[in-house]
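Written out below as structure tokens is the structure these notes cover.
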Amino acid sequence: MWRGHARSACETKAGEGEAGDRGMGGLNDVSMAQSELNPPQAEAVAYVHGPLLVFAGAGSGKTRVITYRIANLVANEGVMPWRILAVTFTNKAAGEMRARLEEMLGSVARDLWVGTFHATCAKFLRLYPEATSRSKNFVIYDSSDQKAVITRALRDLGLDDRSYPPKQVLARIHKLKQEGRGPHDPSLDKERDKPFKDAYARYELALQAANAFDFEDLIVGVVRILEASADGGDSTDALRAKEALESKFDFVLVDEFQDTNAIQYRLLKRLTSTTRNLCVVGDDDQSIYRWRGADVRNIRGFRRDYPDAKVIKLEQNYRSTKRIVASALAVIAPSRTREPKELWTSNVDGSPIRVIAAADERDEAACVVRAIRDAADAGIARREIAVFYRVHAQSRVLEEALRSVNIPYQIIGGAKFYERAEVKDIIAYLRVLVNPKSDVDMMRIINTPARGIGATTVERIAAVASMRHASIFEALANLEHLEGLSVGTAPRKRLGQFRELINGLIAESTGLAPAEVLRMVLEKSGYRSALKDENTAEADARLENLAELEGSMHDYAVEAEARGEEPTLEGFLERVTLQSDTDSMSEASKVTLMTVHSAKGLEYRLVLLTGMEESIFPYRRQEPLGHEEMDEERRLAYVAVTRAREHLVVTHAKARQIFGTTRLEVPSRFLGDFPAHCIEQHETPAARGLREGGRWIDRSINHDFVRDWTRAPKAAAPAVHDAHDPGDRYIEIDAEASQPYDDVESPARGTNVLHPKFGRGEVLNVVHASEPAVVAFFPGWGEKKVLVKFLKRA
DNA sequence: GAATGGCCCGGCTGC
DNA sequence: CGGGCCATTC
């Protein structure tokens, strides 16, 4: 329960339970809840006109402030809901905000514009597609699609991919787009790299020809509309769209403003150019997307751009214990440039932060398992627990450890479902049906499943199409009359058959529900039967994934209907591309594993922060990090720590196998920043073994490691405790439930067994040694040959 | 001309 | 560990 004065707009007594479908009315009708807002929160809610900057410290209730502010505008200020735009960082956050507002305001909340930058701009562009030389059925190209486009452009220009690596060229293009600069921007005149400019121009043309946008284009496109001018030769379509857009909203609110980039900020300025009712909320200490173009100077410099802006700081943290808040502040403190603010909490001291030294990544995973079990014993539900890491590559070992002891978990991000080959294939079909000009998709499916149209033929038809500034689909339509297409009669015939396949699919898909289109594509393209014919376990898994794809279409249909929208294939495809990792998070009773980046905006009772080692977190490759990069790593660590409500466990390993090599690691410098009175240091027996025995440590290479280990967590903690009993290998075994194997009897292939050291495993092979033995796979350890007498039934 | 298997290089974070 | 490229085989 929040304490503090409720002021002005927020003095209301309506009961929360009465929230429901109600018309608009005074705020007293609205269940703005018994919630009492503290003075700065109330001020941020009640301040109505003009620019408003809210510095919202971690856990200071900023989502609540935005939500209430919107409710206040609608209920008390008489603002029409469709004239309010709220920009959130994820689709999930948008959905939650919308749901909350519907509770407070009733069904009128459906008319609010709530969404991410990308989703909102996509919506604008579908309203005014002509203004950007696209049609309404445009598709959005994700990074791999973009890479395909730029690779092709570079090849067409005869640029070799060693001097012009597609990834880097693409990165340069994105950087320019984030600044709103096209290939013919005057600022590029001094750019001496003409081939690069050509590649950029060609990339843009290719996207336009494909009736496609990349992520940046969605924002840039809307800004272009808003900056259209009759003098600048813009079309009447563009001018009409401009007029509609710039007067569309009375109020614009932006969450996580610290992670906006230059073009997004420009968009916001343009959308509010007449009203100046721009409310931005964020925390410069939590700016973690610099590498993606985010510019923390947007929030730090907001007052310069809007000298009359009202500035409010929310500094009371309601989320975390005192120890967690103090540690977070200690981690962020060394950062050089920060907006001054004092985060504080009146919450309890809480339990000490456990810092655990593990021997290696598996030992660390075992610590994680142990901590999760302890938490479960203490009554913390699994959904209240999260495991964080800096890079996805760390997740596998953690995953195996959890699986081996049957702790349900979900992984956010990582190997993404929609990036699986079979899913991408089918999505490519669907996108072609929606937008046949999409060459990237056409190239993907033209010979998938194999239908005798090989690389050479594809290359030739693509070359002819590009020579005529046409798409492959258009070239195929003219197949019989194409001059300069030198393919034999057989491939030509197959191309014709493919064209008929696509035309047939397009004709039959009209009027069908998205899931029905999917089923039809699977059948008629021959994709399903090709997979079935393979008759392998892998093909079966792919078929299952495709079934799951159909499932996700149903989920989408339900969501769309909740928003009052008609489910369409376009809508589904857009959702697939613009979905953020956390959007698909399950509410089920599972432990959540994710990167710290994904964790932004979330909170958990128990957070396990793993891999706190120099070179992992702060992450660095060869080059030492620059100041800016180091500051960002620090902010990322701050985000990680501030996700925890009650308990925080921080682990680091002394050696880590990652990216194919084993490295000796020293504890992260950020660990050294934790205040001594907040932490409690532990060490696993295996880690201590390394320190004391140093058996397999070559000190001549390793003296840094030893020195840093004694120095880095400089806080002399209370006594160092054992994280585990000696001899316990941390993979827990339910001893009572298992029975030993007899000496004579060997477990059969495929049976599950328990080993005192390696835990649960599966028998792969029975081997003949002097004693009965098997080769078994133990998650987290790999394949091991073990004697049967050490095994128990699982 | 198409399909498949091996090999080498590069590898973060993500709308 | 995976994707892209090349060599080999059909």
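Order of the sequence lines fixes the chain letters, A, B, ..., with proteins taken first and strands second; residue numbering starts at 1 for each chain.
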Contact pattern, 5' to 3', of nucleotides 4-15 of chain B - B, S or - by protein heavy atom under 4.0 Å: -------BBBBB
Base-contact (B) and sugar-phosphate-only (S) positions in nucleotides 1-10 of chain C, heavy-atom cut-off under 4.0 Å, - elsewhere: S--SS-----
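Residues that satisfy the side chain to side chain donor-acceptor pair (under 3.5 Å) test with Q657(A), not counting sequence neighbours, are absent from this structure. Partners of Y527(A) under the side chain to side chain donor-acceptor pair (under 3.5 Å) rule, at least two apart in sequence or in another chain, are D425(A). With sequence neighbours excluded, the residues that form a side-chain contact (heavy atoms from CB on, under 4.5 Å) with E459(A) are R152(A), R155(A).
Across all strands, I140(A) comes closer than 4.0 Å to no nucleic acid atom at all (heavy-atom distances).
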Derivation of the side-chain hydrogen bond (donor to acceptor under 3.5 Å, both in side chains) call for T577(A) and Y418(A): CA-CA 8 Å; T577(A) 332; Y418(A) 292 113; over 6 Å; no
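Salt bridge present: R126(A) and E574(A) bring a charged side-chain N and a carboxylate O closer than 4.0 Å.
For the side chain to side chain donor-acceptor pair (under 3.5 Å) condition, the pairs that include at least one residue of residues 487-499 of chain A, sequence neighbours left out, are E480(A)-R499(A).
Closest of all the heavy-atom pairs between L267(A) and I219(A) is CD2-CG2, 4.2 Å.
Dashed line: the shortest gap from a side-chain N or O of R494(A) to OP1 or OP2 of dA2(B) is not under 4.0 Å. Contact annotation: T457(A) does not reach the phosphate of dG1(B) (side-chain N/O to OP1 or OP2, under 4.0 Å).
In this structure, R451(A) contributes its side chain and I446(A) its backbone to a donor-acceptor pair below 3.5 Å.
Regarding I446(A), its CD1 atom lies at a distance of 14 Å from the C1' atom of dA2(B), rounded to whole Å.
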